[in-house]
Structure formats: structure tokens, C-alpha cells
Peer 1: 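Here you go, one structure.
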Amino acid sequence: MYRTGWRFAATLGLMSLTQAATAASDDDVIPIEVEADKTGATIDRNVFGQFAEHLGYGIYGGVWVGKDSKIPNVRGIRKDVVSALKAIKVPNVRWPGGCFADEYHWRDGIGPQSARRATVNANWGDSGEPNTFGTDEFMDFVSQIDSEAYVSVNVGSGTVQEAADWLAYMTAPATSAAGKERAANGHPEPYKVRYLGLGNESWSCGGAMRPEYYTDLMKRYARFVRNYRPEQMEKGAEPMQRIAVGPNGPDTAYTEQVMKTWTEHDWAWNIEGLSLHSYTTGGWPPSMSSTDFDRNAYASLIKETLGMDGMIASHSAIMDKYDPDKKVPLVVDEWGVWLEPAPGTNPGFLIQQNSLRDAIIAALNLNIFARHADRVRMTNIAQMVNVLQAMILTQDEKMLLTPTYYIYKMYVPFQDARFVPVNFDAGTYREGNVELPRVDAIAARGKDGKLWLAVTNLDPSRKATISASFDGLAIKAVSGEVLTGPKVNSINTFDNPNMVVPKPISGTVRKNSVTVDLPAKSVAVFRLDE
Ligand code: AHR
């Protein structure tokens with residue numbers, strides 16, 4: 001068993017809060033014990049997945065500009081965005097929604113561009129949906145960024161037949177009628193649909209279904225929506241993973257019902273994932289500004305986001321009851337910070353700025369997912385471009401990388417790395433009536449064989465000196481990058497894109513330990529060379 005520092009600190013209960021906050025001076029050193037000789041579950045690269053919905057400028061403008069655009073593109077897909085996403089090694093992209101998915105009819109988005117059927121995106125600002133970005137364009141995009149497709153089918157307003165036909169279009173051999181249609185649209189080879197979402201938020205925008213109603217429907221989709229690509233057919237090398245709708249935040253009704261139903265499955269159907277959606281909002285409807293906030297708002301939003309740990313633990317406990325072997329992963333396929341829409345923007349487009357606070361929140365959530373790596377094997381931050389906690393913002397031909405983007409870049413070595421336990425007790429810091437851990441940390445043994453350590457200093461005003469030890473392992477060198485900014489609400493803008501960007505950070509190697517000074521409000525990732 002491992003224990004995490006802030007959980008450990010939270011359970012200590014020995015010092016009063018005031019004592020805890022004031023006992024240490026700036027010169028205090030925080031010991032972090034990295035149990036380098038132990039490894040836990042693999043942190044699946046899919047934990048770093050993205051979500052791209054037809055919503056505002058998430059697809060149109062953000063990814064798709066069309067072949068005739070003056071913005072440099074490959075077959076209509078922005079070159080700059082592709083190149084930025086390739087650098088963060090996006091493992092999978094969830095598409096086309098979201099709420100949009102349960103009103104999406106795939107036939108509107110295939111065939112000659114001039115013949116595409118324009119519709120209205122009733123979920124998101126009643127904007128025009130030209131359907132110029134459809135299945136073939138999505139698959140092209142996924143391939144351009146070297147990622148994998150996570151397609152959500154329409155369970156809310158579609159039919160099992162419509163979804164089955166869509167999968168046939170994407171995956172059946174070119175000798176079949178469906179495959180011939182795909183080939184006529186320029187793609188004779190079957191596409192790889194690695195992940196299949198069986199609806200979206202069926203407890204709300206996806207049809208407001210009782211859990212029992214949903215599971216009856218889910219079984220039909222799980223049975224009949226087939227993947228015909230030979231490598232992915234049953235018992236194939238890369239079987240498609242079907243992800244059922246699961247809980248809405250802490251509500252366990254869907255968790256219980258879907259997992260109980262799963263235990264009753266036979267040869268005819270199965271699911272390979274249970275979705276969880278949970279946003280950090282600061283209340284509903286979201287009314288916290290993404291740029292204009294103080295340390296109190298910073299602290300309270302971080303406090304809220306740390307609730308992800310307990311939420312995963314409670315759903316995992318239910319899943320363990322039905323699935324002790326952890327065959328069904330918990331897939332947190334919508335999470336992130338959802339704040340007030342940026343002033344002057346269409347509120348239905350969910351456009352918000354992205355600050356250093358968002359970056360810290362991203363790192364804390366990735367750390368939580370890593371600690372639950374045995375059950376949480378996939379997540380999708382909402383959303384990839386121009387929507388909610390985006391990696392990338394675009395404005396016509398301009399592109400901006402957000403602080404959250406840089407967290408994903410710095411965390412690349414954690415993709416498919418083996419979790420390594422860490423122990424620490426950094427104490428807490430206090431803002432008003434909010435108490436938070438001072439630091440958070442995870443470690444992992446990367447695919448490259450190196451030991452990696454990620455440390456977040458949550459405290460906005462106090463540096464943290466950490467001294468990491470490695471169970472006797474001789475460390476020869478340490479190198480890393482740190483992301484910080486002048487203020488917790490520092491942002492990157494089109495005029496000043498380098499306000500919050502990673503900078504090199506190093507430390508002192510002494511015997512078997514490494515000492516580093518972490519600036520206040522920062523996230524650092526270190527590589528330890530043995
Ligand atoms: O990410 C925005 C929306 O949030 C999604 O469409 C929906 O699934 C969720 O409620």
C-alpha cells in the first residue's frame with residue numbers, strides 16, 4: 001500500500017490548522033520518499049486522452065478550416081493544431097460529443113462536401129452545423145495526430161440500426177456494401193475504431209433515462225454495433241472497447257446498475273469501460289471568471305477539484321464489488337474546469353481563458369488518476385481546442401498554447417509508465433477558510449526506463465524546497481522543467497503567448513537524495529538519471 005502525502009497530512013490531525021500553516025519557515029525542507037524499488041499499476045497512456053465535440057469553435061475553426069482556407073491545412077485540417085497535438089502524444093480523441101453525439105446522424109457528414117446536409121446544433125448555441133467535418137475527416141484528423149478514435153454513438157435519438165450501420169461504414173471490408181461506400185468516399189481500408197461510447201450522459205442530455213432503462217438499451221448497442229475490422233473482431237489483437245454511460249459526478253445510481261448488469265453478461269454482449277463525468281465548476285451554472293479571480297477563488301476551486309480522488313474511490317469501491325479483477329476500467333471521459341464564458345462570447349460556445357490555476361488543476365487531476373491507475377485507465381479532458389479547459393486556443397490563423405497544454409507536454413513521460421509510490425508530509429496552507437496541501441507529487445518508471453517525478457507546489461506565495469530520496473538508489477543527475485507564472489491567474493494571450501511556459505529547472509544531487517527549490521504556484525517534472 002502507498003499513501004499520498006496530502007492524504008497522509010490530512011489524516012494526521014495532530015497539529016491545529018494554524019500551527020500546520022505556520023510551523024514551517026521558507027527554509028524548511030519537505031522530504032519526499034520515492035519507493036523506487038516498487039512499482040504499481042501502469043499509468044495507461046489513454047489517461048491523457050482528449051475530447052473534441054462539435055461545440056462552438058472546438059471543431060470548426062479549431063481543427064477544421066476547409067481545404068480552401070488561407071490557414072495552412074492538410075485536407076482541410078489545420079497544420080499548426082496538428083503539429084501542437086502531435087507533440088503531446090494524444091492517445092485518443094473522443095468525438096463527436098458530448099450532448100451533440102446523441103443528436104448526431106452520421107450520414108449527414110459523409111460524401112461530397114457540396115452535398116452535405118446542413119443542420120442546427122441545438123445543444124450549443126443553435127449554431128449552424130455544416131457537417132463538412134464528418135467521419136472521414138475525423139479519421140483523417142486522428143491519423144494526422146497519430147492518435148486513436150473514440151467514437152460515441154447516438155443512443156439518445158438514434159437507433160441501434162443507425163449505429164450499427166455507422167460502424168459498418170467505418171470498419172467493414174471494402175467488399176461489403178458499407179465498405180464500398182467508404183471506399184467511394186476515398187478510404188478503401190477499414191478504419192480502426194478503438195473505443196466506442198454507448199451514448200453520452202444518458203441520465204441527462206442523452207435522454208434522461210432511468211439506469212434500468214439505459215442498461216436494457218445499452219445491451220442492444222453492445223450486442224449489435226459490431227466492429228468488422230479483422231484485427232478488432234472478437235478475439236482480435238486490438239478488440240474495440242465499448243464504454244457504457246456511467247455516473248454523473250458522485251451519484252452512484254448508474255455505477256450500481258451498469259456494473260450489476262455487467263455481471264449478468266453472457267457471450268452475446270459485453271462492455272469494456274464505465275464512463276464518469278465530473279467537472280470542476282465552482283457551482284452551477286458556472287459563474288466563476290477564468291481570468292479575474294483572487295487567491296480565495298484559486299484555493300476554493302482547487303479544493304473542489306481534489307474531490308475527484310474521493311469520487312473515484314467511491315465508484316471504484318462499487319466496481320470492486322461487482323468486478324474485483326478490475327476488468328472494466330473507469331473511464332473519466334469528461335473532466336476539467338468549466339467556468340463562466342469569456343465576456344462578449346456566445347455563452348453556448350463555452351469559451352473560457354486558461355490560466356496557471358487550470359494548469360495546476362490539470363496536474364492535480366492527472367496525479368489522482370495515476371494513483372487510481374489500476375481502475376482509471378482512460379480519461380478525456382474537456383475539451384481539446386477552444387472549448388472549456390482547452391489545450392489550444394485559435395483566432396483565425398493565430399494559435400495559442402495554454403498552460404494546460406504545457407502540463408500535458410511535461411507529463412508525456414508518464415504515458416504507459418509504471419506508478420512508483422511516494423510518501424511525504426508537506427503540511428498544509430490556508431486561504432480564508434480553505435485548507436489545502438502544500439505540495440502534491442507522483443513518481444513513475446517510464447517506458448524509457450527512467451525514473452520520473454512530478455511535484456506541484458499549490459501554495460501561491462511560498463516556495464517549497466523538496467528533498468527526494470530514492471530508497472538507496474544512486475541518482476547521478478536531475479533535470480526537469482517547471483511551469484509557473486507571476487500570478488495564479490496568469491494566462492497566455494495571442495499578444496503574449498509566453499507568460500506561462502515551461503522553463504528548465506535543476507536541483508542538487510547529494511548522496512542518495514535530490515534537493516530542488518520549487519517556486520510558489522508551480523508544477524515541475526523531473527527526470528532522475530541513475
Ligand atoms: O463538455 C460539454 C458538455 O458537458 C458535453 O457535451 C456534455 O456531455 C457535458 O454535459
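Order of listing sets the numbers, starting from 1, for every ligand and every atom in it.
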Peer 1: Is Lys219 close to His265 at the side-chain level, that is, under 4.5 Å between some pair of heavy atoms?
Peer 2: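 A side-chain contact is absent here, since even the closest heavy-atom pair is not under 4.5 Å.
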Peer 1: Could you list which atoms of ligand 1 come closer than 4.0 Å to a heavy atom of Gln383?
Peer 2: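 It comes down to these atoms of ligand 1: 1 (O), 2 (C).
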Peer 1: Please work out whether any backbone atom (N, CA, C, O) or any side-chain heavy atom from C-beta onward of Asn200 is under 4.0 Å from ligand 1, and answer side chain, backbone, both or neither.
Peer 2: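 The answer is the side chain.
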Peer 1: For Tyr279, which part has a heavy atom under 4.0 Å from ligand 1: side chain, backbone, both, or neither?
Peer 2: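 The answer is the side chain.
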Peer 1: So does Glu162 pair up with Arg107, basic N to acidic O under 4.0 Å?
Peer 2: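 No, no charged N to carboxylate O under 4.0 Å.
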Peer 1: Relative to ligand 1, is Trp124 under 4.0 angstrom through side chain, backbone, both or neither, heavy atoms considered?
Peer 2: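 Near ligand 1, Trp124 shows its side chain, while the N, CA, C and O stay back.
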Peer 1: Return yes when Phe100 approaches ligand 1 closer than 4.0 angstrom through a heavy atom, no otherwise.
Peer 2: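 So Phe100 does not count as touching ligand 1.
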Peer 1: Considering non-hydrogen atoms only, spot the tightest contact between Leu366 and Trp335 and give its length.
Peer 2: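 Shortest heavy-atom separation between Leu366 and Trp335 comes out as CD2-CZ2, 4.2 Å.
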Peer 1: Looking only at protein heavy atoms, identify the closest one to atom 6 (O) of ligand 1 and say how far it is in Å.
Peer 2: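 Residue, atom and distance for the closest contact: Glu53 OE1, 2.7 Å.
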Peer 1: Kindly confirm or rule out an N or O of Trp338 lying under 3.5 angstrom from an N or O of ligand 1.
Peer 2: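 Trp338 vs ligand 1: no N/O contact under 3.5 Å.
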Peer 1: Considering non-hydrogen atoms of the protein only, which is the closest contact for atom 8 (O) of ligand 1, and what is the distance?
Peer 2: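 The closest one turns out to be Glu334 OE2, 2.7 Å.
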Peer 1: Would you check whether Cys99 has a nitrogen or oxygen atom less than 3.5 angstrom from a nitrogen or oxygen atom of ligand 1?
Peer 2: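 Yes, Cys99 has an N/O under 3.5 Å of an N/O on ligand 1.
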Peer 1: Does a side-chain N-to-carboxylate-O contact under 4.0 Å join Glu129 and Arg117?
Peer 2: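 Answer for the salt bridge query: no.
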Peer 1: Testing the basics here: between Thr404 and Ala390, what is the closest heavy-atom pair and its distance to 0.1 Å?
Peer 2: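 Of all heavy-atom pairs spanning Thr404 and Ala390, the closest is CB-O, 4.1 Å.
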Peer 1: Suppose we measure from atom 10 (O) of ligand 1 to each protein heavy atom; which comes out shortest, and what is that distance?
Peer 2: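 So the nearest neighbour among protein heavy atoms is Glu201 OE1, 2.8 Å.
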Peer 1: So does Gly246 get a backbone contact from the side chain of Trp203, meaning a donor-acceptor N/O pair under 3.5 Å?
Peer 2: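 Side chain of Trp203 to backbone of Gly246: a pair is present.
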Peer 1: State whether the side chain of Asp44 and the backbone N or O of Val47 hold a donor-acceptor pair below 3.5 Å, judged by distance alone.
Peer 2: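 No.
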Peer 1: Considering only heavy atoms, does Leu388 approach ligand 1 within less than 4.0 Å through its side chain, its backbone, both, or neither?
Peer 2: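 The answer is the side chain.
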Peer 1: Could you tell me, atom by atom, which parts of ligand 1 come under 4.0 Å of a heavy atom of Phe51?
Peer 2: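 Near Phe51, the atoms of ligand 1 are 1 (O).
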Peer 1: Does a side-chain N-to-carboxylate-O contact under 4.0 Å join Arg295 and Glu431?
Peer 2: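 Salt bridge: no.
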